[in-house]
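Each remark here refers to the structure printed beneath this line.
Side chains are part of it too, since the values below use all heavy atoms of this structure and drop only hydrogens, waters and symmetry mates. Order of the sequence lines sets the chain letters (A, B, ...), proteins ahead of strands, with each chain counted from 1.
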There are 2 protein chains.
Amino acid sequence: MAIDRETESETDPRDASAIAPIARSSLHEQVAGRIRDMIIEGRLAAGSRINEAALVRELGVSRTPFREALRTLAAENLVEIRPSMGSVVRKPTPEEVFAMLQVLAELEKLAGRLCCERASDADLAGLLALHERMMSHYARRDRLPYYKANQEIHSTIARLSGNPVLLEVQTGLQSRLKRIRYVGNRSPERWAAAVDEHEEMARALRRRDGERLGAVLAVHLTRTWERVRDVV
Amino acid sequence: MAIDRETESETDPRDASAIAPIARSSLHEQVAGRIRDMIIEGRLAAGSRINEAALVRELGVSRTPFREALRTLAAENLVEIRPSMGSVVRKPTPEEVFAMLQVLAELEKLAGRLCCERASDADLAGLLALHERMMSHYARRDRLPYYKANQEIHSTIARLSGNPVLLEVQTGLQSRLKRIRYVGNRSPERWAAAVDEHEEMARALRRRDGERLGAVLAVHLTRTWERVRDVV
DNA sequence: AGTACGTATTCTGTATACAAAATTCAAATC
DNA sequence: GATTTGAATTTTGTATACAGAATACGTACT
């Protein structure tokens, strides 16, 4: 399946009024995105060697943009490039997963506090609406939409913190954890517990109680470790 | 000054006993290192365009490894690649610098706590020795060695936290702040204040008081913002 | 004179070519 | 049978070539 160079990166005719510079994407960006997806979906297994020739053929690009994409992913810690010896999909050790969640807990604690202090009422309402949407996915046990809404809630809290670096670091760690979260958290009880914690967050959010939100978020991530520890 | 490809990446005959895999560095890694240094030293000014042709000529490498190096630096947020329009040295806005320090404060708070819990007595002694060395540099007002010892203290605390991700994120943020720290913190009073804060840290460290160390570190980084805010 | 257009030049992005390193595999040796 | 040695093959790293986009510049026009 070759990358189609025509359909991407066109201006969106819908928002003709908002004159944001149109997003151009070069081949290596697209390639990086595709490899990222393959890693999350498990098509490229953690620990496995990346076959440059095969992927290059499949994506229909030359080695140059492909290798640039690999460097980007290496900087994101998703792949490891061993000089002269090929690249492998990084497989985080359990210690590393714990470490990521510990850092995330600390960052989201800060994000929760800042978000309650600085977000507008409208933003908070939007966040709570997102929460309700997630709950309705849970009611139907709709796993994938739930998962996506969940990710979005956490990113939104980070965004509403108003700290761009916090958002950026959180995004990076989330992306490294995506695959693990994707396969983990399978049991109904654990899922229910995670949902309860989210209800707690929503309560704190409604009261703009930043300390409480932060504390709940930190606990939530500690529990997340317990929920995923046996899949790493 | 072209990069010498012969002398680098050879096995070091001194540590023949320690059979750690020898560090091989490919051209783009070396190039990335050199550009990083140029940015910190200010030879490549923040906000300025990166002249690919000129640098490629100066370093004596071809465009391929150079561009791969640029992608690495872009992932590190040190340069910005604008598709089809060249690369520039990223110039962090004051808001971003504040954001980085805020995140660092939170991370080092955690690092301080963990370090006091988990570091061995020997490691702690080493850290305190480093502190004393820094103080003797301060006594002589030896700016560069002081600066380096300072960086090393903060990295060591992160390392002794035992959380590799914490160390990794901290290292990334430190490297983005290096240039700013390098030019900032010039006044004798501010320097003295920073030194005082470090004495506080050392006291907390001797008592293995993690909470206190974390708090002092957080305050230290808040003050750092005040010390550098007028140079960004 | 100032603006708009079109052309020349430079720079960027991708593909390909080539050299060097690593890996594979088979024969030779112990 | 296991281990070593050494081609043959594959893979990786770097250089270069080429096409297309962006920028600079000069000319015509108002």
Problem - Nucleotide D:dA22, atom P - distance to CE of B:M85 in whole Å - result: 8 Å
Exercise for the section: Identify, between B:E68 and B:R49, the residue whose nearest nucleotide on DNA chain D lies closer to the 5' end. Expected result: B:E68
Practice task
Calculate the interatomic distance between A:N51 atom CG and C:dT23 atom P; express it in whole Å.
Solution key: 14 Å
Completion exercise
Winner on side-chain proximity to A:S62, out of D:dA15, C:dA15, C:dT23, is C:dA15
Problem - Separation of C:dT14 P from A:R57 CZ (nearest whole Å) - result: 20 Å
Exercise for the section: Check if the side chain of A:S84 and the base of D:dT11 share a donor-acceptor pair of N or O atoms closer than 3.5 Å. Expected result: no
Exercise for the section: Please state how far atom NE2 in B:H28 lies from atom C1' in D:dA15, giving the value in whole angstrom units. Expected result: 14 Å
Practice task
Figure out the CZ/P separation between B:F66 and D:dT16, and round it to whole Å.
Solution key: 16 Å
Problem - Salt-bridge present (B:R159, B:E168; N to O < 4.0 Å) - result: no
Handout entry: Side-chain N or O of B:R63 closer than 4.0 Å to phosphate OP1/OP2 of D:dC18
Key = no
Fill in the blank from the handout: In whole angstroms, the gap separating P of C:dA15 from CG of A:L59 amounts to 11 Å
Practice task
Answer yes or no: does a side-chain N or O of B:R82 lie under 4.0 Å from OP1 or OP2 of D:dT23?
Solution key: no
Exercise for the section: State whether A:W191 and A:R227 meet the cation-pi test: NZ (Lys) or CZ (Arg) under 6.0 Å from the six-membered ring centroid, and within 45° of the perpendicular axis. Expected result: no
Exercise for the section: Rounded to the nearest angstrom, tell me the gap between atom CD in A:E52 and atom C1' in C:dA15. Expected result: 13 Å
Problem - Residues A:R190 and A:D230 bridged, charged N to O under 4.0 Å - result: yes
Exercise for the section: Mark yes or no for a side-chain to base donor-acceptor pair under 3.5 Å between B:T64 and D:dT16, with no hydrogen or angle criteria applied. Expected result: yes
Exercise for the section: Calculate the interatomic distance between A:I81 atom CD1 and D:dT11 atom C1'; express it in whole Å. Expected result: 14 Å
Practice task
State plainly whether the residues B:E68 and B:R71 are in salt-bridge range, i.e. N to O under 4.0 Å.
Solution key: no
Handout entry: Test: B:R63 and B:E52 ion pair at under 4.0 Å
Key = yes
